[in-house]
Amino acid sequence: MTNRWKSIGLAALLAGLTLSASYAEAAGVLTIGRREDSTTFDPIKTAQNIDNWVFSNVYDVLIRVDKTGTKLEPGLAESWTVSDDGLTYTFKIRDAKFSDGSPLTAEDAAYSLLRIRDDAASLWSDSYKVIDMAVATDARTLTIKLKNPSAPFLSTLALPNASVISKKGMESLGPDAYAEKPIASGAFVVEEWRRGDRVILKKNPNFWQADRVKLDGVEWISVPDDNARMLNVQAGELDTAIFVPFSRVEELKKDPNLNVDIDASTREDHLLINHAHGALGKKEVRQALDLAIDKKAIVDTVTFGQGTVANSYIPKGALYYYADNLQRPYNPEKAKELLAAAGASDLTLNYLVRAGDEVDEQTAVLVQQQLQKAGITANLQKVDPSQEWDMTVAGDYDISVNYWTNDILDPDQKTTFVLGHDSNKNYSTNYKNEAVKELVAKARLELDPKKREAMYVDLQKMAKNDVNWIDLYYSPYINVSRKNIENFYQNPLGRFFLEDTVKN
């Protein structure tokens with residue numbers, strides 16, 4: 001979801017200057033241009049893709065999602081069994097080591113799960129409260145007992161934020177030091193983190209699949225301005241770049257030195273609404289906002305047809321997606337009527353915008369114009385993306401576009417985080433509906449697939465009725481790489497399989 005420099009011109013200049021410094025010795029090191037810098041290497045303290053997509057190759061999880069993004073497969077747990085009553089899970093931990101050479105044991109796995117459940121700083125605690133106990137019955141056997149059966153439990157173990165960390169390392173270093181330079185359980189080790197510039201990874205020789213890893217290292221480099229980042233790849237100053245602007249796709253496809261990869265995703269862009277701010281706490285006002293926004297115009301103008309209009313918080317193609325969910329038509333006159341009835345005519349909103357993000361800026365201008373037709377004034381506040389996320393979490397906004405990609409196969413993760421979650425104020429929207437929250441918890445426990453699907457259909461309807469946020473569009477991942485790069489691939493859940501990437 002979403003560190004950048006304040007001036008786009010300065011960003012482009014600095015990008016060129018900083019990039020040229022490390023490329024002479026970069027043979028075997030993959031360079032990836034991205035918009036923003038990481039925020040932490042403590043898995044439980046973030047919900048941002050900029051962190052999770054790096055975590056996935058620095059840490060390993062007990063169970064992974066495969067390359068297709070549709071199946072679970074063994075990770076650090078080479079096998080597992082489940083008791084007939086669905087309450088006891090027994091995992092056989094493979095013979096593995098951390099990057100410091102210390103053995104990775106079942107005790108580390110238990111510690112990691114109890115930490116994400118119990119630590120006051122965990123953003124993910126609600127999804128793991130179902131765990132009653134997690135213990136190492138021996139060095140390679142992890143036993144987990146649940147409070148009640150849980151349909152999504154195995155899927156939640158594949159969440160990057162539930163990665164296995166070193167108990168000894170965390171306890172000796174402390175969370176702040178560990179979050180700066182962690183002890184890795186995955187394919188790469190954090191060699192250096194230059195704040196605001198790049199994260200430098202090197203191959204982890206102690207990774208249990210080290211023979212699979214072809215690269216010597218990876219550099220995740222912050223190039224905030226979209227156009228500067230594309231130019232860096234075209235000039236050979238970057239091997240790859242993510243977040244290709246929709247407007248550049250066709251042009252980049254014509255460059256014989258490049259590959260443009262358009263991969264299936266679970267991405268959904270949406271307009272966050274701060275329910276704690278004045279009239280936005282009224283459902284009718286939020287419904288008016290939904291009516292006042294022309295999503296098809298956004299898809300056509302901003303995504304150049306790469307996107308499709310969204311009608312649910314669950315992405316199209318994902319488990320339990322409800323295709324017939326309500327999609328309010330664009331109707332600014334009806335929006336005016338609702339606002340007047342709610343006593344919110346002449347509504348003025350603070351619209352938080354990520355400066356330098358081409359798509360975000362284009363969307364903001366379009367939405368601003370659309371809202372104006374319904375008598376709503378949206379004042380655009382462009383901020384450095386390093387500020388934007390902190391302002392969102394602090395609730396220092398009225399509306400703001402953001403996006404979500406699923407991290408696990410089951411809808412429970414996103415549903416819990418945006419509809420039934422206390423610790424993050426439902427994705428910083430301050431949305432509250434006790435009936436919804438109760439149903440979120442029940443859906444997690446229901447083991448009958450048909451009954452469970454019906455619950456998620458109801459949740460999608462309820463969220464749309466309440467307008468927890470405004471669904472905008474679904475879109476693919478669009479990344480670009482030089483022709484000498486092979487297997488630079490992102491699965492629908494966003495994981496980059498850098499252990500398979502080759503730089504020729």
Side-chain angles (χ1 to χ4, degrees), residues 40-47 51-52 54-64 72 74-82 87-147 150 152-190 204 206-208 407-408 413 423:
T40 182
F41 280 92
D42 188 337
I44 70 170
K45 295 181 180 179
T46 182
D51 298 314
N52 281 13
V54 181
F55 287 168
S56 295
N57 289 103
V58 171
Y59 297 117
D60 204 354
V61 285
L62 288 170
I63 299 175
R64 298 173 178 172
L72 296 174
L76 287 169
E78 59 186 9
S79 63
W80 55 88
T81 58
V82 184
L87 294 176
T88 303
Y89 290 70
T90 305
F91 299 87
K92 183 58 65 176
I93 307 300
R94 67 177 72 251
D95 186 10
K97 295 180 180 180
F98 287 107
S99 56
D100 63 356
S102 62
L104 189 155
T105 69
E107 186 176 6
D108 296 297
Y111 172 81
S112 301
L113 290 174
L114 295 178
R115 185 170 182 266
I116 196 172
R117 183 193 70 177
D118 298 337
D119 195 293
S122 174
L123 294 179
W124 300 96
S125 57
D126 285 8
S127 294
Y128 296 87
K129 288 189 185 333
V130 69
I131 297 175
D132 183 36
M133 59 178 288
V135 296
T137 50
D138 62 51
R140 294 186 60 191
T141 305
L142 169 67
T143 300
I144 298 174
K145 291 188 177 180
L146 305 184
K147 297 174 183 177
S150 170
F153 182 65
L154 284 175
S155 287
T156 64
L157 297 182
L159 182 70
N161 308 86
S163 295
V164 177
I165 62 172
S166 166
K167 178 184 178 183
K168 180 180 177 181
M170 181 62 76
E171 291 179 340
S172 61
L173 294 172
D176 291 343
Y178 201 100
E180 288 287 328
K181 195 168 183 180
I183 297 169
S185 54
F188 296 92
V189 180
V190 179
N204 176 11
N206 289 313
F207 180 46
W208 68 274
D407 296 302
I408 69 171
Q413 177 212 14
S423 58

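Note that the coordinates shown come from a computational prediction; the quantities given were computed from them, not determined experimentally. Every heavy atom of this structure was used, including side-chain atoms; hydrogens, water molecules and symmetry mates were not. Along the sequence shown, residues carry numbers from 1.
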> Are side-chain heavy atoms of D95 and R140 found at a separation under 4.5 Å?
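Side chain of D95 against side chain of R140, heavy atoms only: contact under 4.5 Å found.
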
> Tell me if a side-chain donor or acceptor on N161 pairs with a main-chain N or O of P43 at a distance below 3.5 Å.
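Yes, the answer is positive, given that a donor and an acceptor are paired below the 3.5 Å cut-off.
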
> Any heavy-atom pair between the side chains of R64 and P74 that's under 4.5 Å?
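P74 does not reach R64 side chain to side chain.
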
> With T105, which residues qualify under side-chain hydrogen bond (donor to acceptor under 3.5 Å, both in side chains), at least two apart?
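In terms of side-chain hydrogen bond (donor to acceptor under 3.5 Å, both in side chains), with neighbours along the sequence ignored, T105 is linked to D108.
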
> Do the side chain of Q413 and the main chain of T156 share a donor and acceptor less than 3.5 angstrom apart?
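No, Q413 side chain to T156 backbone: no donor-acceptor pair under 3.5 Å.
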
> So does K145 have more than 12 non-hydrogen atoms from other groups sitting under 6.0 Å from NZ?
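No, because the 6.0 Å sphere around NZ of K145 holds 12 heavy atoms or fewer from other groups.
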
> I'd like to check F207 versus D60 (side-chain heavy atoms, cut-off strictly below 4.5 Å). Are they in contact?
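In short, these two side chains touch, coming nearer than 4.5 Å.
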
> Take F98 and N204 through the side-chain contact (heavy atoms from CB on, under 4.5 Å) test and state the conclusion after the steps.
CA-CA 9 Å; F98 287 107; N204 176 11; over 6 Å; no

> With no hydrogens and no angle check, is any side-chain donor or acceptor of S99 less than 3.5 Å from a backbone partner on I183?
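Side chain of S99 to backbone of I183, a donor-acceptor pair under 3.5 Å: no, none is there.
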
> With no hydrogens and no angle check, do the side chains of S102 and D100 hold a donor and an acceptor under 3.5 Å apart?
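Per modelled atom types, S102 and D100 side chains form a pair under 3.5 Å.
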
> Between E107 and K168, is there a salt bridge with N-O shorter than 4.0 Å?
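No.
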
> Could you measure the distance from the CZ atom of R117 to the CD1 atom of I44? Nearest 0.5 Å is fine.
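R117 CZ to I44 CD1: 12.5 Å, rounded to 0.5 Å.
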
> Got L113 and I131 here, is their nearest side-chain heavy-atom distance under 4.5 Å?
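With C-beta onward as the side chain, the pair touches.
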
> Partners of F153 by ring pair (Phe, Tyr, Trp, His ring centres under 6.0 Å), sequence neighbours excluded?
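Testing F153 for ring pair (Phe, Tyr, Trp, His ring centres under 6.0 Å), a comparison that skips the adjacent residues, returns Y89.
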
> CG of L104 to OG of S185: how many Å apart, nearest 0.5 Å?
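Between atom CG of L104 and atom OG of S185 there are 6.0 Å.
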
> Nearest heavy-atom pair of A96 and W208: which atoms, and what distance?
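Scanning both residues, the minimum pair turns out to be CB-CB, 4.1 Å.
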
> Do any N or O atoms from the side chain of Y59 and from the backbone of A184 form a donor-acceptor pair under 3.5 angstrom?
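No, Y59 side chain to A184 backbone: no donor-acceptor pair under 3.5 Å.
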
> Check side-chain hydrogen bond (donor to acceptor under 3.5 Å, both in side chains) between T46 and all other residues, then give those that pass, not counting sequence neighbours.
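For T46 the side-chain hydrogen bond (donor to acceptor under 3.5 Å, both in side chains) partners, ignoring immediate neighbours, are D51.
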
> How many angstroms lie between CG in D132 and CG in L87, if you round to the nearest 0.5 Å?
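Separation between the atoms: 9.0 Å.
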
> Can you label the angle between the W80 ring and the F91 ring as parallel, tilted or perpendicular, going by 30° and 60°?
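Ring orientation, 0 to 90° scale: tilted.
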
> Any side-chain heavy-atom pair from I93 and T141 closer than 4.5 angstrom?
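No; the side chains remain at least 4.5 Å from each other.
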
> Output, in order, the C-alpha distance, side-chain angles, deciding distance and verdict of side-chain contact (heavy atoms from CB on, under 4.5 Å) for N52 and F55.
CA-CA 5 Å; N52 281 13; F55 287 168; 3.4 Å; yes

> Got a second to check how far S166's OG is from L173's CG, nearest 0.5 Å?
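Rounded to the nearest 0.5 Å, the OG-CG separation comes out at 8.0 Å.
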
> Does K45 have more than 12 heavy atoms from other residues, nucleotides or ligands lying within 6.0 Å of its NZ?
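It does: K45 NZ has more than 12 such atoms within range.
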
> Nearest 0.5 Å, please: how far is CZ in F188 from CG in N57?
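Atom-to-atom, N57:CG and F188:CZ are 6.0 Å apart.
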
> Once rounded to the nearest 0.5 Å, what's the spacing between atom OG of S163 and atom CG of D42?
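Answer for the OG-CG pair, S163 versus D42, is 10.5 Å.
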
> Could you tell me whether K129 and D118 make a salt bridge, using a distance below 4.0 angstrom between a side-chain N and a carboxylate O?
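Judged by the 4.0 Å cut-off on N to carboxylate O distance, K129 and D118 do not form a salt bridge.
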
> Quick one: does I144's side chain get under 4.5 Å of M133's, heavy atoms only?
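Not in contact.
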
> Show the nearest heavy-atom pair for residues A110 and L142, with the distance to one decimal.
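That would be CB-CD1, 3.7 Å.
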
> Within the 4.5 Å heavy-atom criterion, are M170 and R115 side-chain neighbours or not?
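Sidechains of R115 and M170: in contact.
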
> What is the minimum heavy-atom distance between L62 and A109, and which atoms define it?
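Nearest pair, atom of L62 first, then A109: CD2-CB, 4.0 Å.
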
> For A106 versus D138, what's the shortest heavy-atom pair and its separation?
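Shortest heavy-atom contact: CB-O, 3.5 Å.
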
> Could you check whether any side-chain heavy atom of V190 comes within less than 4.5 Å of a side-chain heavy atom of F41, counting everything from C-beta outward?
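They are in side-chain contact.
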
> Kindly determine whether Y111 and I116 satisfy side-chain contact (heavy atoms from CB on, under 4.5 Å), including the steps that lead there.
CA-CA 9 Å; Y111 172 81; I116 196 172; over 6 Å; no

